[in-house]
Amino acid sequence: MLIVMNQGATDREIQAVVRRIERMGFKANPIPGARRCVIGITGNEGPLDPGEFESMPGVREAIRITRPYTLVGREGADGPTKISILGREVGGAALTIIAGPCAVETEEQAMRIAELVARAGASFYRGGAFKPRTSPYSFQGLGDEGLRILSKVREATGLPIVTEAVDPESVSRVEEVADVIQVGARNMQNYSLLKHAGRCGKPVLLKRGLSATIQELLLSAEYLLAEGNRQVILCERGIRSFDQATRNLFDLSAIAVVHGLSHLPIVADPSHGTGHRDMVIPMARAAVAAGADGLLVEVHPNPDRALSDGAQSLYPEQFDRMMKEVRLIAEAIGRRVAEPAGARA
Ligand code: PEP
Ligand code: MN
């Protein structure tokens with residue numbers, strides 16, 4: 001249930017509602033908004049009586065939630081969530097472009113790609129230091145050395161860093177360097193990792209699981225919000241299908257479905273969504289046209305030598321072209337591509 005407070009509700013009135021919820025044995029999740037405060041009730045198994053709250057001073061209405069998630073749903077939200085990260089806003093009119101290699105391989109490789117993507121207009125840098133690989137014999141990432149390189153990239157380019165934490169133990173190490181912690185597709189339902197990430201102070205990019213429904217994605221996001229982290233960015237990265245023509249089935253409709261159900265921003269990853277670099281630009285254009293709040297794209301100057309995901313990594317000149325094309329599409333639908341502050345050469 002969501003308790004929507006009046007616009008001028010006082011702190012005392014809000015606290016009285018919180019205390020009543022807690023006395024009933026449930027958790028109160030106050031969500032302060034620009035216009036009014038909403039309090040989400042979680043932990044109840046059966047439906048609650050709206051009358052219990054509607055008679056309290058300062059309460060405008062109590063909304064019964066019929067979906068299995070309370071905090072990620074659009075109901076009661078003060079419009080779409082906007083997340084501010086190092087002066088960049090995710091989830092507003094401007095699209096967030098996150099680009100970089102699949103994995104940090106060497107300092108030189110990471111730095112070179114950072115300069116290329118910054119020059120082309122990316123507003124965030126991505127690169128894995130901890131890589132969840134299907135085979136235990138594949139490159140697993142540079143680990144802590146990769147994190148050290150990522151902090152140098154941030155220092156040199158000013159780009160905020162998106163990088164993955166693969167287990168609960170690594171969250172605190174990743175958190176020291178990352179501006180956004182990525183929870184990858186393979187870990188979307190690692191609930192212990194989600195709880196740790198939900199308690200950390202950094203925004204989280206949550207990727208859709210390999211065969212996850214949209215409801216499962218939203219329930220995983222609910223774990224993060226239930227732990228107090230409201231800075232969550234969802235990511236559509238394709239799901240398993242019977243068709244081998246692409247690595248995954250890039251589910252464009254998930255973008256529209258999520259916008260209909262949740263206040264959280266959603267970015268699209270056409271790199272993992274297709275698995276082939278020649279398909280990345282068309283699907284990036286389509287994702288922007290479908291309303292994605294941004295793109296996450298892999299770029300490598302020498303993809304044939306990449307230690308992971310070379311086949312889907314764009315050449316730098318392709319990334320340049322993609323940026324030019326998505327700028328046009330964004331304008332056509334009344335949006336724009338965020339320009340990184342001072343990062344463009
Ligand atoms: C990645 O972003 O490099 C990655 C491993 O993605 P996913 O979790 O979507 O497979
Ligand atoms: Mn990858």
Side-chain angles (χ1 to χ4, degrees), residues 2 31 33 38 40 63 65-83 85 89-98 124 126 162 180-189 194 197-198 203-227 229-241 248-274 283-297 326 329-330 333-335 337-338:
L2 289 169
I31 309 162
V38 173
I63 307 173
I65 303 292
T66 48
R67 302 188 209 280
Y69 41 83
T70 302
L71 306 176
V72 304
R74 270 180 76 115
E75 294 87 351
D78 218 0
T81 286
K82 295 177 187 153
I83 303 167
I85 303 164
E89 188 179 71
V90 182
L95 303 184
T96 303
I97 310 293
I98 307 164
F124 285 70
R126 62 142 292 144
V162 180
V180 178
I181 298 182
Q182 178 170 320
V183 173
R186 287 157 191 79
N187 270 318
M188 188 203 84
Q189 289 180 309
L194 291 173
V204 175
L205 179 104
L206 177 65
K207 300 189 86 174
R208 184 174 180 185
L210 305 180
S211 297
T213 64
I214 294 169
Q215 177 157 304
E216 286 164 340
L217 171 66
L218 293 174
L219 281 167
S220 288
E222 183 85 7
Y223 268 84
L224 297 165
L225 273 75
E227 292 295 336
N229 193 343
R230 298 188 49 77
Q231 303 189 87
V232 176
I233 306 159
L234 303 172
C235 179
E236 165 58 36
R237 49 76 75 205
I239 44 172
R240 273 290 155 81
S241 93
N248 288 298
L249 182 68
F250 188 47
D251 183 7
L252 279 177
S253 61
I255 297 162
V257 174
V258 163
H259 279 148
L261 295 175
S262 176
H263 56 85
L264 294 174
I266 178 164
V267 301
D269 169 0
S271 303
H272 295 85
T274 62
M283 297 322 286
R285 292 193 305 242
V288 170
D293 296 297
L295 297 170
L296 180 144
V297 176
V326 298
I329 307 240
I333 58 164
R335 299 186 83 171
V337 169

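Keep in mind that the numbers below use all heavy atoms, side chains included, and drop hydrogens, waters and symmetry copies.
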Report task. Might you point out which heavy atoms bring Ser262 and Leu218 nearest each other, and give the distance in Å? Result -> CB-CD2, 3.9 Å
Query - Over all atoms of both residues, closest heavy-atom pair of Leu205 and Ile98 - result: CD1-CD1, 4.3 Å
Query - OG on Ser220 to CG on Leu225, rounded to 0.5 Å - result: 12.0 Å
**Report entry** Member of Leu194, Ile266, Asn187 meeting the side-chain contact (heavy atoms from CB on, under 4.5 Å) criterion with Leu206
**Finding:** Leu194
Query - Gap separating the CG atom of Leu219 from the CD1 atom of Ile214, nearest 0.5 angstrom - result: 12.5 Å
Report task. For residues Glu227 and Asn229, determine if any side-chain heavy atom of one lies less than 4.5 Å from a side-chain heavy atom of the other. Result -> no
Requested in this report: Starting at CD of Gln182, measure out to CG of Asp269 and round the result to the nearest 0.5 Å.
Outcome: 8.0 Å
Query raised in the report: Which atom pair, heavy atoms only, marks the closest approach of Asp293 to Pro265?
Result: OD2-CA, 3.4 Å
Query - Non-neighbouring partners of Phe250 that pass side-chain contact (heavy atoms from CB on, under 4.5 Å), sequence neighbours left out - result: Glu236, Leu252, Ala268, Pro270, Met283, Ala287
Query - Partner residues of Ala212 under the side-chain contact (heavy atoms from CB on, under 4.5 Å) criterion, sequence neighbours left out - result: Met188, Arg208, Glu216
Query raised in the report: Which heavy atom of Gly73 sits nearest a heavy atom of His263, and at what distance?
Result: O-CD2, 3.0 Å
Query raised in the report: Would a distance-only check, ignoring hydrogens and angles, find a side-chain to backbone donor-acceptor pair under 3.5 Å from Arg335 to Gly92?
Result: yes
**Report entry** Side-chain heavy-atom pair Leu95, Leu295 within 4.5 angstrom cut-off
**Finding:** no
Report summary line: Value for CG (Asn248) from CZ (Arg240), rounded to nearest 0.5 Å, stands at 6.5 Å
Query raised in the report: Where the side chain of Glu222 meets the backbone of Val72, is there a donor-acceptor pair that is under 3.5 Å apart?
Result: yes
Query raised in the report: Looking at residues at least two apart in the chain, or sitting in another chain, which of them share a side-chain hydrogen bond (donor to acceptor under 3.5 Å, both in side chains) with Ser253?
Result: Asp251
Requested in this report: Please round to the nearest 0.5 Å and tell me the distance separating atom CG of Leu234 and atom CG of Leu264.
Outcome: 5.0 Å
